[in-house]
There are 2 protein chains.
Amino acid sequence: MPAIKDVARRAGVSVATVSRVLNDHPSVRAGTRERVLTAVADLGYRPNAVARSLRTAQTRTLGLVISDVLNPFFTELARSVEDAARALGYSVVIGNADERPDLQDHHVRTLMDRRIDGLLISPTDGGSPMMSAAARAGTPMVFVDRWIEGEGLDRVPVVRTDGRTAIRDLVAHLCALGHRRLAIIAGPAATTTGRERVDAFRAALRAFGLALSDDHIGQGDFQAGSGRRVTARFLDLPHPPDVVFATDNLMALGAMDEIRARGLRVPGDVALAAFDDIPWFLHTDPPITAIAQPTGALGHAAVRALIDLVEGRPAESVTLSARLVARRSCGEPEGSTP
Amino acid sequence: MPAIKDVARRAGVSVATVSRVLNDHPSVRAGTRERVLTAVADLGYRPNAVARSLRTAQTRTLGLVISDVLNPFFTELARSVEDAARALGYSVVIGNADERPDLQDHHVRTLMDRRIDGLLISPTDGGSPMMSAAARAGTPMVFVDRWIEGEGLDRVPVVRTDGRTAIRDLVAHLCALGHRRLAIIAGPAATTTGRERVDAFRAALRAFGLALSDDHIGQGDFQAGSGRRVTARFLDLPHPPDVVFATDNLMALGAMDEIRARGLRVPGDVALAAFDDIPWFLHTDPPITAIAQPTGALGHAAVRALIDLVEGRPAESVTLSARLVARRSCGEPEGSTP
DNA sequence: CTGAAAGCGCTTACAG
DNA sequence: CTGAAAGCGCTTACAG
């Protein structure tokens, strides 16, 4: 591949001049600029981004570490992040943590080694030494969807969805349909969304005069397998719950697997609801009631906040709202659209 | 962030020695190595990958350009690619083309600018100038899933799945269930998988003495919207088909949307089958008959081939086989598992 | 308006 | 076994 000096030679100028043309520096005579541009085109020259990054100490690249690419929610988030970043002239490099703290650390480290300009993280777990190190090193960082506490992490803006109202709406919906024994498949306690959704659920139940007994809280890990295991435990109870609320769509998938394997019916034998909405929920048997996040807006807001930080402007935390989409998996909704 | 000279100063050696320790060069005295390692740990030093890449002319990074991240097939492919690459000491940077040739070119260009060591592409369309340029520049390249023809592209190894046998199995299955009017939602003609699946379908029909009339071939683009539009056209026909075969899972989603919107039943009013299997197909109403690709193996084989090329070894094309997973969306399968 | 020169942070022959 | 020096491909003050 041709380098800048090849262009300079062909255009009969110095590399400094070529660089100026490439960077739209105003002080280049029109004729010179022409010759340089022709040489660039003739050679098919493209500046080496590696060299440029080394020299300018910026990579125009954002790192995005997500907990699980196979989770449609995160896939969509990643996509909207990439869209927003590209519109602002940045690339994004994705690291998939697979809900594993060690993999998460691996990606944060790798991204830091590549000197990305900023880090967008949906953290998978508590103590992450690399994340604290990144914060300490002054790397611009923004949490998206989830956040964790840790040394140096308290100043990191959080761009997230608040599901409390939607969860209360869900509980109201369930009560209206006559359900009283509600159970929840929680996400990892180390995760804010994991805790928050359980807290909101418990609070909503209390508001409706219901209790959340310990055997109706199942510990999941946001993966399908755990949803299935927890559901099995629920259904083995002497008094099984009459509705299971999975706090993410993958665990809802696992719950469906288990319910189906037992030949039970939704919502007749047990009702089902999920946090996070996905297109297929419309076509399951029955269509699944879910809480939808404004994923696109979330990704855009997170990128905006991060780039503000990267470019030296202050950034603030952002909280968006989720909303209930009632379908038929909890019983026939009263006249609402499917 | 500390640089190599800071480590050298603290350890009382030259930067050359620090570099040797970092790269496991054998000729460093044990005591010196100790001191360097201590300095590295004390400072929390991490080599700047940008500088290293500039100097060594390799980035230990692979570029992966996929047609659509939101398609679960590609998400899974991306994940297996990342897994395989990481195991071999490479990172991967993903570019999502969204089935848009311009975006595809944008990503190929960006990746080339970053001097990735090799390119894994699932091309979205015909003529891509950047891809030819990359090939001409001698960048190691491998096509995965799909491939295109073009200048300099004929030597690029292809790692893909052959669906012909599975499609024939599907047609046999459909015939056995009494279906005779079969229709197909094709992918973009510019795409090899798009053409191939139609060809295989037509050939299989012929083998069973059936014809594929033109109004039973709908042109889709591998996105849900097109699946819906094409299905609408099929259902508006004076003699609608009795089975619709969507050549990817997103178009199957669109087909479901349309069928459902019309209040029709699967498979009673119209049967449905899809290329590419996804977990939710088990829980739709009814569960959807699909052709499953060995996605994990595909990703691994593609990475292996690409890294062979990158490291100067020859690489060969690989073809894996898909298999039919019969469920209930085409009628009650004869004793096969759901 | 343009060029010569320094320097970003590394690695690696070349000496010793 | 270790160091001084060159150089990867850029950008950017500094001169002129």
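Please read all numbers here as calculations on a predicted model, not as lab measurements. Below, chain A is the first sequence line, B the second, and so on; all start at residue 1.
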It should be established whether [X] places a side-chain nitrogen or oxygen under 4.0 Å from OP1 or OP2 of nucleotide [N].
{"X": "A:Ser19", "N": "D:dT11", "value": "yes"}
{"X": "A:Asn48", "N": "D:dC8", "value": "no"}
{"X": "B:Arg52", "N": "C:dT11", "value": "yes"}
{"X": "B:Thr32", "N": "D:dT2", "value": "yes"}
{"X": "B:Thr17", "N": "D:dG3", "value": "yes"}
{"X": "A:Ser14", "N": "C:dG3", "value": "yes"}
{"X": "B:Arg20", "N": "C:dT11", "value": "no"}

Without decimals, in angstroms, what is the distance between [X] [atom1] and [N] [atom2]?
{"X": "B:Arg33", "N": "D:dC1", "atom1": "CZ", "atom2": "C1'", "value": "13 Å"}
{"X": "A:Asn23", "N": "D:dG9", "atom1": "CG", "atom2": "C1'", "value": "13 Å"}
{"X": "B:Arg60", "N": "C:dT11", "atom1": "CZ", "atom2": "P", "value": "13 Å"}
{"X": "B:His25", "N": "D:dG3", "atom1": "NE2", "atom2": "P", "value": "14 Å"}
{"X": "B:Leu22", "N": "C:dG9", "atom1": "CG", "atom2": "P", "value": "15 Å"}
{"X": "B:Tyr45", "N": "C:dC10", "atom1": "OH", "atom2": "C1'", "value": "7 Å"}
{"X": "B:Glu34", "N": "D:dC1", "atom1": "CD", "atom2": "C1'", "value": "16 Å"}
{"X": "B:Arg29", "N": "D:dG3", "atom1": "CZ", "atom2": "C1'", "value": "13 Å"}

NZ/NE/NH1/NH2 to OD/OE distance under 4.0 Å, [X] and [Y]:
{"X": "B:Asp42", "Y": "B:Arg10", "result": "yes"}
{"X": "A:Glu311", "Y": "A:Arg60", "result": "yes"}
{"X": "B:Arg52", "Y": "A:Asp113", "result": "no"}

Residue closer to the 5' end of DNA chain D, B:Val28 versus A:Ile4 (nearest nucleotide) = B:Val28
ask   = If each of B:Leu54 and B:Pro26 is mapped to the nucleotide of DNA chain D with the nearest heavy atom, which maps nearer the 5' terminus, i.e. the 5' end?
value =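 Checking each residue's closest nucleotide, the 5'-ward one belongs to B:Pro26.
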request  = Ignoring hydrogens and angles, answer whether the base of D:dG9 and the side-chain atoms of B:Arg115 contain a donor-acceptor pair closer than 3.5 Å.
outcome  =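 Answer no: no donor N or O sits under 3.5 Å from an acceptor.
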Looking at every strand, decide which applies to [X] at a 4.0 Å heavy-atom threshold: base, sugar-phosphate, or nothing.
{"X": "A:Val50", "result": "nothing"}
{"X": "A:Ser27", "result": "base"}
{"X": "A:Ala16", "result": "base"}

Steps toward side-chain hydrogen bond (donor to acceptor under 3.5 Å, both in side chains) verdict (A:Thr192, A:Arg160) = CA-CA 10 Å; A:Thr192 46; A:Arg160 63 185 203 91; over 6 Å; no
query = Does any N or O in the side chain of B:Arg109 come within less than 3.5 Å of the main-chain N or O of B:Met130, such that one atom is a donor and the other an acceptor?
reply =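 A pair under 3.5 Å: no.
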key: Nearest-neighbour nucleotide for the B:Val13 side chain, D:dT11, D:dC1, D:dG3 considered   = D:dG3
message = If you only use heavy atoms from C-beta on, which nucleotide in D:dC10, C:dG3, D:dC8 is closest to the side chain of A:Arg55?
response = D:dC10
query = Under 3.5 Å, is there a donor-acceptor pair linking the side chains of A:Arg146 and A:Ser67?
reply =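 Yes, a side-chain donor-acceptor pair sits under 3.5 Å.
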inquiry  = For a quick check under 3.5 Å, do A:Ser53 and A:Arg114 share a side-chain donor-acceptor pair by atom type?
reply    = no
ask   = Pick from A:Leu120, A:Leu298, A:Leu64: which one makes a side-chain contact (heavy atoms from CB on, under 4.5 Å) with A:Leu77?
value = A:Leu298
query = Can you list the stems that DNA chain C is part of, where a stem is at least 3 pairs in a row, each Watson-Crick or G-U, with both distances below 3.5 Å?
reply =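 Ordered by first number, the stems with DNA chain C (at least 3 consecutive pairs each) read C:1-3 with D:14-16, C:5-12 with D:5-12, C:14-16 with D:1-3.
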task = Report yes if the side chains of A:Ile148 and A:Phe143 come closer than 4.5 Å at any heavy-atom pair, otherwise no.
result = yes
query = When the nearest nucleotide of DNA chain C is assigned to A:Arg35 and to A:Val15 on a heavy-atom basis, which residue is associated with the more 5' position?
reply =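 Nearer the 5' end of the strand: A:Arg35.
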